[in-house]
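Notes for the one structure printed next.
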Amino acid sequence: MLIQTQHQINWSSIGQFLFVIAGQKCKKDSMHNTVNDTKANVNGEVRVRMAPSPTGFLHIGGARTALFNWLYAKHHHGKFILRIDDTDTARSTDESMHEIYEAMQWLGLDWDEGGEKDGPYGPYLQSKRKDIYDRYVKELLASEKAYHCYCTQEELEGIRTEAREAKSVRSYDGRCRELSSEVIEKYIAEGRKPTIRIKMPDTPILVDDLILGSRNIDPATLEDEVIVRFNGMPNYNLTSIIDDVEMKITHVIRGTEHLNNTPKQIAIANALELSLPKFAHIPLVLDDTGRKLSKRHHGDLVAVNRYREQGYLPQAMLNFVARLGWSYDDKQEIFSLEELIDKFDLARVGKSGSVFDIKKLEWLNSHYINELDVSTRTDAVIPYWQAEGLIDTIENRAKLEKIVEAVGERLNTLKDIVPQTSYFFTQDFEYDPKATKKWWGNSDEKKQKTCEILTNLSQILADTPDFDLETIESSVWKYTDENDIKRVAAMQSMRIALTGLSFGPSLFDIVVLLGREEVLERLHRAVVSLT
RNA sequence: GCCCCCGUCGUCUAGCCUGGCCAAGGACACCGCCCUUUCACGGCGGCGACACGAGUUCAAAUCUCGUCGGGGGUACCA
């Protein structure tokens with residue numbers, strides 16, 4: 001892979017070299033094409049694309065494909081194009097298209113052309129490019145490299161079953177390649193609407209992949225692919241390669257699920273005498289059973305938007321997804337976007353699939369949350385408080401920031417703010433039974449003791465001259481130490497009384513934030529519930 | 001069935017191209033200890049992998065072949 005990248009660089013200099021030599025010897029006109037082609041492919045800017053079909057939300061795998069393309073473009077100071085592959089009119093929706101835009105924007109993966117942006121090679125919706133495809137299909141038909149196929153769905157199914165039983169490599173035998181005009185007329189009279197198929201070549205097709213290496217595909221394993229549906233709408237394999245060429249895409253970076261489509265697309269391009277982009281098939285993102293992550297099997301569990309809602313930061317998602325299949329060296333895990341742009345390289349993308357591990361995502365997410373300054377973190381967390389009805393309008397911003405500060409590094413997701421802090425906003429919480437059992441005690445005797453401690457603490461907190469951290473801390477500890485009470489026991493008992501929980505921020509932070517009145521009330525309530 | 005791809009700790013991976021530095025390194029997770037008013041953070045430690053079998057070689061995780069395993073595709077989806 002390193003060699004191939006190297007190869008590419010060498011080529012460009014060779015190209016320039018040839019230009020000089022050739023310019024001296026050849027007629028300008030005849031050179032013109034050659035030079036331009038060479039320039040477009042080798043010397044020109046890198047152009048990559050993301051080509052989702054708007055049949056659902058953007059999922060983790062799609063986000064990674066988008067990121068790899070985006071990084072590749074940025075790294076090479078090229079262009080990133082967003083093309084919408086919506087030739088499946090039955091399944092494509094506008095809503096889904098906008099959802100994809102939104103998810104991409106949230107991730108910060110901006111694009112140079114396509115989507116709702118215009119560009120020199122538009123339109124960027126395949127549904128609006130039909131005339132372009134028609135032109136190429138016409139050419140294919142005229143040169144007899146494609147033909148009409150009148151087989152019905154039922155017939156095709158029959159052929160497939162037979163082929164399977166015969167252990168044949170192909171499931172369509174090209175029977176409509178040479179139909180007599182009588183038969184065609186008969187079919188038309190029957191009202192059959194033909195599809196158009198491409199004639200696959202009988203010579204091997206070379207598939208050169210930047211990640212997987214090159215191999216020759218035996219043409220015997222390829223069948224005459226449908227390129228235009230009976231309703232006149234062209235198919236993915238045709239539109240994809242035509243647009244890649246038309247849009248001057250230099251590198252097609254996509255998931256390995258498309259590996260088997262590549263020879264078909266190459267065959268189409270060859271039939272049209274179009275020059276090819278380079279291909280790079282990145283390994284799949286898998287679930288924990290090793291299957292490809294897909295909308296169909298995993299639902300919105302794999303939707304980028306779901307992670308957004310759950311309180312994951314885009315930089316965490318990006319960092320996480322970048323390390324799925326790609327690595328820089330044997331130590332670095334945390335990469336800023338700038339570093340990714342700088343360090344990303346297809347040569348360091350592996351060949352095998354990677355399992356989506358939410359634990360690692362969480363770890364990265366907490367890392368990036370902790371990197372946020374308190375003010376930004378507060379902004380990020382406010383919507384989650386609001387969604388839970390814990391706050392309405394932001395009246396006391398300063399206090400919110402103090403709460404966030406007290407919570408410190410205890411957030412794996414932004415949403416974690418809710419269970420971590422809800423007691424700051426409401427008295428309506430339960431005492432966690434596990435916690436009370438452990439710290440308040442099970443027996444009447446122990447409960448009695450806890451009650452006594454809480455009552456004393458209540459008295460002490462009522463009496464302190466000031467209600468600041470230092471005063472509170474020293475008075476409480478004076479009490480525990482002089483009375484031979486374990487600090488932990490006192491603190492945890494009080495924590496449960498104030499929050500219902502056995503975990504959380506430093507207790508004295510909570511006390512100060514709650515304020516004297518609230519603390520005394522809650523202590524009283526706890527004492528009552530204990531007796 | 002057929003075609004294609006892949007195979008290092010539970011997971012992400014480094015190492016593989018250019019065989020010896022690898023009794024295989026890092027990270028996440030998990031477990032233990034320390035720190036500590038709890039939880040988390042942090043520190044220290046532990047568990048844990050070259051799918052298998054042949055071959056080549058003085059030497060193989062690294063090269064070759066085979067087996068097995070996993071995945072993807074197999075549509076008038078993309």
Side-chain angles (χ1 to χ4, degrees), chain A residues 1-3 51-55 85-88 90-92 149 151 153 156-157 160 163-171 193-197 207 209 212 215 217-218 220-223 225-231 233-237 239-240 254-263 281 283-284 286 288-292 320 323-334 350-364 366 370 407-412 420 435 439 473 476-477 480 486-492 494-496 499 501-508:
Chain A
M1 285 158 281
L2 203 68
I3 295 160
S53 68
T55 55
D85 283 10
D86 58 348
T87 53
D88 187 347
R91 295 198 306 144
S92 298
C149 169
C151 294
Q153 299 274 17
L156 289 173
E157 235 161 83
R160 261 197 295 276
R164 192 177 254 251
E165 274 163 15
K167 299 195 176 187
S168 158
V169 181
R170 290 194 281 209
S171 53
K193 290 203 174 138
T195 60
I196 298 172
R197 288 181 186 266
V207 176
D209 189 277
L212 265 10
R215 71 215 155 92
I217 300 301
D218 180 355
T221 67
L222 264 18
E223 61 188 53
E225 210 66 32
V226 170
I227 53 172
V228 180
R229 299 172 169 92
F230 84 94
N231 65 6
M233 193 45 114
N235 255 333
Y236 169 74
N237 279 313
T239 60
S240 179
R254 65 194 356 171
T256 21
E257 71 265 29
H258 290 296
L259 192 57
N260 291 316
N261 288 324
T262 309
H281 287 93
L284 300 175
L286 315 168
D288 56 7
T289 71
R291 292 186 69 99
K292 178 179 115 175
F320 172 69
R323 284 285 290 101
L324 253 29
W326 172 84
S327 66
Y328 176 63
D329 59 16
D330 62 345
K331 29 185 81 79
Q332 191 171 359
E333 291 289 344
I334 308 276
K351 295 179 178 179
S352 51
S354 350
V355 174
F356 173 85
D357 179 11
I358 186 119
K359 287 288 188 186
K360 187 161 178 192
L361 209 209
E362 263 177 29
W363 170 71
L364 281 164
S366 73
N370 297 339
V407 168
E409 298 188 327
R410 273 166 270 249
L411 262 27
N412 280 336
Q420 281 280 356
W439 296 105
E473 190 176 300
V476 168
W477 281 349
T480 54
K486 277 190 183 166
R487 286 181 176 188
V488 199
M491 305 288 273
Q492 283 299 80
M494 178 151 65
R495 176 186 294 280
I496 295 162
T499 72
L501 305 168
S502 61
F503 61 88
S506 173
L507 183 59
F508 295 120

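First the proteins, then the strands, lettered A, B, ... as listed; each starts at 1. Fair warning: this is a prediction, and the values are worked out from it, not measured in the lab.
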Can you name the closest pair of heavy atoms from [X] and [Y] and give their distance?
{"X": "A:Thr87", "Y": "A:Thr239", "result": "CG2-CG2, 3.8 Å"}
{"X": "A:Pro54", "Y": "A:Asp85", "result": "CD-O, 3.7 Å"}
{"X": "A:Ala163", "Y": "A:Arg170", "result": "CB-O, 3.2 Å"}

If you measure from the [atom1] atom in [N] to the same atom in [M], how many Å do you get, rounded?
{"N": "B:C31", "M": "B:C68", "atom1": "C1'", "value": "33 Å"}
{"N": "B:A23", "M": "B:C28", "atom1": "P", "value": "25 Å"}
{"N": "B:G15", "M": "B:C76", "atom1": "P", "value": "42 Å"}
{"N": "B:A78", "M": "B:A61", "atom1": "C1'", "value": "38 Å"}
{"N": "B:A29", "M": "B:C3", "atom1": "P", "value": "44 Å"}

Value rounded to 0.5 Å, distance of [atom1] in [X] from [atom2] in [Y]:
{"X": "A:Arg160", "Y": "A:Glu223", "atom1": "CZ", "atom2": "CD", "result": "8.5 Å"}
{"X": "A:Asp86", "Y": "A:Met233", "atom1": "CG", "atom2": "CE", "result": "7.0 Å"}
{"X": "A:Arg410", "Y": "A:Phe503", "atom1": "CZ", "atom2": "CZ", "result": "10.0 Å"}
{"X": "A:Leu286", "Y": "A:Leu284", "atom1": "CG", "atom2": "CG", "result": "6.0 Å"}
{"X": "A:His258", "Y": "A:Thr256", "atom1": "NE2", "atom2": "OG1", "result": "9.5 Å"}

Would you confirm whether [X], through its side chain, and [Y], through its main-chain N or O, come within 3.5 Å as a donor-acceptor pair?
{"X": "A:Asp329", "Y": "A:Lys331", "value": "yes"}
{"X": "A:Arg323", "Y": "A:Trp326", "value": "yes"}
{"X": "A:Thr262", "Y": "A:Leu259", "value": "yes"}
{"X": "A:Arg495", "Y": "A:Ser506", "value": "no"}
{"X": "A:Arg487", "Y": "A:Trp477", "value": "no"}

[X] [atom1] to [N] [atom2]: how many Å, rounded?
{"X": "A:Glu409", "N": "B:C41", "atom1": "CD", "atom2": "C1'", "answer": "5 Å"}
{"X": "A:Asn231", "N": "B:A75", "atom1": "CG", "atom2": "P", "answer": "18 Å"}
{"X": "A:Lys359", "N": "B:C9", "atom1": "NZ", "atom2": "P", "answer": "21 Å"}
{"X": "A:Leu259", "N": "B:C6", "atom1": "CG", "atom2": "C1'", "answer": "11 Å"}
{"X": "A:Arg91", "N": "B:C76", "atom1": "CZ", "atom2": "C1'", "answer": "13 Å"}
{"X": "A:Leu222", "N": "B:C3", "atom1": "CG", "atom2": "C1'", "answer": "9 Å"}
{"X": "A:Arg197", "N": "B:C76", "atom1": "CZ", "atom2": "P", "answer": "6 Å"}
{"X": "A:Phe503", "N": "B:A40", "atom1": "CZ", "atom2": "P", "answer": "10 Å"}

Using a cut-off of under 3.5 Å, enumerate the N/O to N/O pairs linking the protein to nucleotides 68-74 of chain B.
from, atom 1, to, atom 2, distance (Å)
B:G72, OP1, A:Lys292, N, 3.1
B:G72, N2, A:Asn260, ND2, 2.7
B:G73, OP1, A:Lys292, NZ, 3.1

Can you pull every protein N or O that's under 3.5 Å from an N or O on nucleotides 43-45 of chain B?
none

**Request:** Give a yes/no on whether any side-chain N or O of A:Asn235 is located under 4.0 angstrom from OP1 or OP2 of B:A75.
**Result:** no

**Asked** Reckon A:Ser327 has a side-chain N or O less than 4.0 Å from the OP1 or OP2 of B:A14?
**Response** yes

Write down the partner of [N] under the Watson-Crick or G-U wobble criteria, each distance required to be under 3.5 Å.
{"N": "B:A51", "answer": "B:U67"}
{"N": "B:G20", "answer": "B:C58"}
{"N": "B:A40", "answer": "none"}
{"N": "B:A27", "answer": "B:U11"}
{"N": "B:C2", "answer": "B:G73"}

**Request:** With the side chain counted from C-beta on, respond yes when A:Leu222 and A:Pro263 share a heavy-atom pair under 4.5 Å apart, and no when they do not.
**Result:** yes

Nearest-nucleotide pick for [X], side chain only, options being [options]:
{"X": "A:Asp88", "options": "B:A14, B:C77, B:C5", "result": "B:C77"}
{"X": "A:Gln492", "options": "B:C5, B:U37, B:C12", "result": "B:U37"}
{"X": "A:Asp85", "options": "B:A78, B:A14, B:U37", "result": "B:A78"}
{"X": "A:Leu156", "options": "B:U37, B:A29, B:C76", "result": "B:C76"}
{"X": "A:Arg410", "options": "B:C39, B:A78, B:C5", "result": "B:C39"}
{"X": "A:Ser354", "options": "B:A78, B:U13, B:C41", "result": "B:U13"}
{"X": "A:Ser352", "options": "B:U37, B:C39, B:G7", "result": "B:G7"}
{"X": "A:Val169", "options": "B:C12, B:U38, B:C2", "result": "B:C2"}
{"X": "A:Leu212", "options": "B:C28, B:U38, B:C5", "result": "B:C5"}

**Complete:** Heavy-atom nearest nucleotide on RNA chain B taken for A:Gly325 and for A:Ser168; more 5' hit belongs to A:Ser168

**Fill in**
Assign each of A:Trp477 and A:Ile217 the nucleotide of RNA chain B bearing its closest heavy atom; nearer the 5' end lies the nucleotide of A:Ile217

Just checking [X]: base, sugar-phosphate only, or nothing, at a heavy-atom cut-off of under 4.0 Å?
{"X": "A:Pro283", "result": "nothing"}
{"X": "A:Thr87", "result": "sugar-phosphate"}
{"X": "A:Arg215", "result": "sugar-phosphate"}
{"X": "A:Leu501", "result": "nothing"}
{"X": "A:Thr221", "result": "sugar-phosphate"}
{"X": "A:Gln153", "result": "base"}

**Prompt:** Can you list the steps and then say if A:Phe320 with A:Trp363 is a side-chain contact (heavy atoms from CB on, under 4.5 Å)?
**Reply:** CA-CA 9 Å; A:Phe320 172 69; A:Trp363 170 71; over 6 Å; no

**Message:** Counting distance alone, no hydrogens or angles: does the base of B:U38 have a donor or acceptor under 3.5 Å from a partner atom on the side chain of A:Ser502?
**Reply:** no

**Message:** Show, in sequence, the C-alpha distance, side-chain angles and deciding distance for A:Arg254 and A:His281, and conclude whether the side-chain contact (heavy atoms from CB on, under 4.5 Å) test is met.
**Reply:** CA-CA 5 Å; A:Arg254 65 194 356 171; A:His281 287 93; 3.0 Å; yes

Anything under 3.5 Å between a protein N or O and an N or O of nucleotides 19-27 of chain B, put it in a table, one pair a line.
from, atom 1, to, atom 2, distance (Å)
B:G26, N2, A:Glu333, OE2, 3.0

